[in-house]
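Start at 1 with the first residue, then count along the sequence. Only heavy atoms go into these numbers, but all of them, side chains included; no hydrogens, no water, no symmetry mates.
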Amino acid sequence: MKYCPYRACPHRQRVGAPAEFMEHVSTCSDCKTPLVDSEREAIEGIASASGDPYRGSAERTEAASGRRERPGRSDLAIGAALLLVGLWLTGFTYMYRPSQGTYIVALGPMIYGAIRLFRGLRARSAG
């Protein structure tokens, strides 16, 4: 039996133990780290290249850069887009086919868009 010694391996993070492999396998299928024969070596593990066993290099870079998405940003964008689509549908259908049924169809995206827009504004003011 062979084991993955990498402490930041996705399998180890999910399960809490090193991944086990058959003898003919040479690298971990989750993190591509060369396997070791000793279970003890695998349990002690090897640290990630960043020196922090709990973060991989990509996570560390993202956390260190401080670039985090502002709260509610996607809600604002989606809400505004749906609200505009609803308004466009209302205006478009009113110009070419003035009937009452088209307003009901256009109200769906407009209401959902307004809800997302207000949710995004609330999250932005709270965050």
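Leu76 and Phe118 fall within a single hydrophobic cluster, where Ile, Leu, Val, Met, Phe, Trp and Tyr side chains are chained together by heavy-atom contacts under 4.5 Å. Taking hydrophobic clusters as Ile, Leu, Val, Met, Phe, Trp and Tyr residues chained together by side-chain heavy-atom distances below 4.5 Å, Leu83 shares a cluster with Leu121.
For the pair Pro5/Pro18, no side-chain contact is recorded, criterion being any heavy-atom separation below 4.5 Å from C-beta on. Using a 4.5 Å cut-off on side-chain heavy atoms (C-beta onward), Arg14 and Pro10 make contact. Residues Leu35 and Ser26 fail the side-chain proximity criterion, which asks for heavy atoms closer than 4.5 Å. Under the 4.5 Å side-chain criterion, counting only non-hydrogen atoms from C-beta, Tyr112 is in contact with Arg116. By the 4.5 Å heavy-atom criterion applied to side chains, Asp30 and Arg12 are not counted as neighbours.
Glu23 places a side-chain N or O within donor-acceptor distance of the main-chain N or O of Met1, the cut-off being under 3.5 Å.
Shown here for Phe21 and Cys4, the closest heavy-atom pair between the two residues is CE1-CB, 4.3 Å. The two residues Gly86 and Met110 come nearest to each other via the heavy atoms CA-CG, 3.3 Å.
To the nearest 0.5 angstrom, Lys2 atom NZ is 13.0 Å from Ser38 atom OG. In this structure, the separation between CG on Leu117 and CD1 on Ile78 is 11.5 Å, given to the nearest 0.5 Å. Here the CG atom belonging to Asp75 is positioned 11.0 Å from the CD1 atom belonging to Ile115, to the nearest 0.5 angstrom.
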